[in-house]
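Contents: one structure, followed by commentary.
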Amino acid sequence: MEWPNEKKNQCIGRKEEFLSYTEDLISAFISLVSVLFGLITQLILGVFIKYWDTPIVRANNRSLSFLLLVSIKLSFLSVFLFLGRPVDITCMLRIITFGITFSIAVSSLLAKTIMVCVAFKATKPGSSWRKWLGVKLSNSVVLFCSSIQIIICMTWLAISPPFQELDIHTSPGTIIIQCNEGSAIGFYSVIGYMGLLAAVSFVLAFLARSLPDSFNEAKYI
């Protein structure tokens, strides 16, 4: 924890480095951006709540939209777990929190995309897809996709959780306080699953982009 001075006749404490809330410009910028986008998401959420019973909100699957906005807001705010002096608990929470909340957001998008496709197929006379219309299908998609991410995260925490690490080798005279991800397989499984969900959602939305204008939500997705 100490380092010799220039004359090599006395030990002095090493300087500690981490992403500080107050001393690092990049931390202040990241915090500002996170709060800004969190407030924008909260504003949109407020509009949805204010017009909760209007036809356009009900047609937009209001429960799914509400879940999507809340999970996006939490994803923005989870950035604060990456700032400040890392300790074991924040090292465990930061990737887990972001991974689960962002997976819920992408799962909601995936459910919206599936509902667009089902709604289009259900408009045809005598279609058997009508029985799939409603909140049960969308809720099941979100619950199933999010549960897989939760299982991955819990397995990672049980086998080899992240922990605080003191790096004394990278920079002489400095202790870099950082998080060791523990299991690299666990870390990349969480990130990879988010990427998989996003890819599946994008592919489905891309295939549904040419649906008539009444079902053009897939274009925006």
Side-chain angles (χ1 to χ4, degrees), residues 1 14-45 64 66-111 141-171 174-202:
M1 305 298 288
R14 289 173 182 253
K15 179 185 175 184
E16 294 183 345
E17 279 191 1
F18 53 87
L19 276 177
S20 171
Y21 284 106
T22 54
E23 298 177 6
D24 290 304
L25 185 61
I26 187 171
S27 297
F29 176 74
I30 291 171
S31 301
L32 181 64
V33 171
S34 300
V35 170
L36 176 63
F37 280 99
L39 289 175
I40 292 173
T41 310
Q42 180 62 44
L43 179 65
I44 298 170
L45 184 60
L64 204 58
F66 181 81
L67 183 62
L68 173 61
L69 288 167
V70 169
S71 56
I72 288 175
K73 179 185 174 182
L74 292 176
S75 295
F76 283 129
L77 296 181
S78 68
V79 167
F80 289 100
L81 291 171
F82 290 79
L83 305 177
R85 184 189 177 94
V87 294
D88 287 346
I89 187 65
T90 54
C91 287
M92 286 189 284
L93 283 177
R94 62 183 197 173
I95 290 291
I96 302 299
T97 303
F98 177 72
I100 292 175
T101 54
F102 194 72
S103 293
I104 293 173
V106 180
S107 298
S108 300
L109 274 181
L110 179 60
V141 171
V142 174
L143 184 62
F144 176 75
C145 295
S146 303
S147 297
I148 294 176
Q149 182 70 293
I150 292 172
I151 291 171
I152 293 173
C153 291
M154 293 303 104
T155 305
W156 179 19
L157 288 180
I159 295 175
S160 181
F163 56 91
Q164 183 199 67
E165 181 181 60
L166 303 179
D167 180 2
I168 61 174
H169 303 292
T170 301
S171 179
T174 302
I175 300 175
I176 302 175
I177 305 175
Q178 60 190 15
C179 287
N180 186 308
E181 304 304 342
S183 169
I185 296 175
F187 174 75
Y188 287 115
S189 295
V190 171
I191 302 298
Y193 183 70
M194 287 192 289
L196 176 65
L197 279 180
V200 171
S201 181
F202 174 77

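Numbering starts at 1 and runs along the sequence shown. The analysis underlying the following values was restricted to heavy atoms, covering all of them including side chains, and did not include hydrogens, waters or symmetry mates.
When atom types are taken as modelled, the side chain of Ser201 and the backbone of Ala198 share no donor-acceptor pair closer than 3.5 angstrom. Not one N or O on the side chain of Ser146 forms a donor-acceptor pair closer than 3.5 Å with the backbone of Leu143. Judged by distance alone, with hydrogens and angles left aside, the side-chain atoms of Asn180 form no donor-acceptor pair with the main-chain N or O of Glu165 at under 3.5 Å. Judged by distance alone, with hydrogens and angles left aside, the side-chain atoms of Gln164 form no donor-acceptor pair with the main-chain N or O of Gln178 at under 3.5 Å. Without hydrogens or angle criteria, Ser71 side chain to Leu68 main chain gives a donor-acceptor distance under 3.5 Å. Here the side chain of Tyr193 pairs a donor or acceptor atom with the backbone of Cys145 at under 3.5 angstrom.
Counting all heavy atoms, side chain and backbone alike, Ser27 lies closest to Leu19 at OG-CD2, 3.4 Å. Closest approach of Phe80 and Ser34 over heavy atoms only: CE1-CB, 4.2 Å. Nearest heavy-atom pair across Thr101 and Ser75 is OG1-OG, 3.3 Å. Closest approach of Cys179 to Arg94, counting heavy atoms only: CB-NH2, 3.2 Å. The two atoms that bring Ile95 and Phe187 nearest to each other are CD1-CE1, 3.7 Å, heavy atoms only. In plain terms, the two heavy atoms of Ser108 and Leu64 that are nearest each other are O-CD2, 3.7 Å.
Annotation: the span from Leu69 atom CG to Ile40 atom CD1 amounts to 12.5 Å, rounded to 0.5 Å. Of the inter-residue distances, the one linking Lys73 atom NZ with Gln42 atom CD reads 3.5 Å to the nearest 0.5 angstrom. In this structure, the separation between OG on Ser31 and CG on Leu77 is 11.0 Å, given to the nearest 0.5 Å. Separation of atoms CD1 (Ile185) and OG1 (Thr155) is listed at 12.0 Å; rounding is to 0.5 Å. Here CD1 of Ile176 is found 4.5 Å from OG1 of Thr170. Values are rounded to the nearest 0.5 Å. The CG atom of Leu83 sits 9.5 Å away from atom CD1 of Ile26, with the distance rounded to the nearest 0.5 Å.
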Evaluate the side chain to side chain contact (heavy atoms under 4.5 Å, CB included) criterion for residues Val141 and Ser107: first the C-alpha distance (whole Å), next the side-chain angles of each, then the deciding distance (0.1 Å), finally the verdict.
CA-CA 7 Å; Val141 171; Ser107 298; 5.6 Å; no
Begin from the C-alpha positions of Asp167 and Ile175 and carry the test side chain to side chain contact (heavy atoms under 4.5 Å, CB included) through to its verdict.
CA-CA 6 Å; Asp167 180 2; Ile175 300 175; over 6 Å; no
After noting the C-alpha distance and the side-chain angles of Leu157 and Met92, does the key distance pass the side chain to side chain contact (heavy atoms under 4.5 Å, CB included) rule?
CA-CA 7 Å; Leu157 288 180; Met92 286 189 284; 4.0 Å; yes
Start with the C-alpha distance between Thr97 and Ser78, add both sets of side-chain angles, then the distance that settles side chain to side chain contact (heavy atoms under 4.5 Å, CB included), and finish with yes or no.
CA-CA 7 Å; Thr97 303; Ser78 68; 4.1 Å; yes
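For Glu16, the salt bridge (Lys or Arg N to Asp or Glu O under 4.0 Å) partners are Arg85, not counting sequence neighbours.
Using a 4.5 Å heavy-atom cutoff, the side chains of Glu181 and Tyr188 are not in contact. Counting heavy atoms from C-beta outward, Ile100 and Cys153 have side chains that approach closer than 4.5 Å. Glu17 has its side chain out of reach of Ile177: every pair of non-hydrogen atoms, C-beta onward, lies at least 4.5 Å apart. Val200 is listed as a side-chain neighbour of Leu196, based on a closest heavy-atom distance under 4.5 Å. Within the 4.5 Å cutoff, no side-chain heavy atoms of Ser189 are placed close to those of Trp156.
Around CG of Leu36, the count of heavy atoms belonging to other residues, nucleotides or ligands within 6.0 Å exceeds 12. Counting heavy-atom neighbours within 6.0 Å of Phe202 CZ, excluding the residue itself, gives a total of 12 or less. Within a 6.0 Å radius of CZ in Phe102, other residues, nucleotides and ligands contribute 12 heavy atoms or fewer. The 12-atom threshold is exceeded at CZ of Phe18, counting heavy atoms of other residues, nucleotides or ligands nearer than 6.0 Å.
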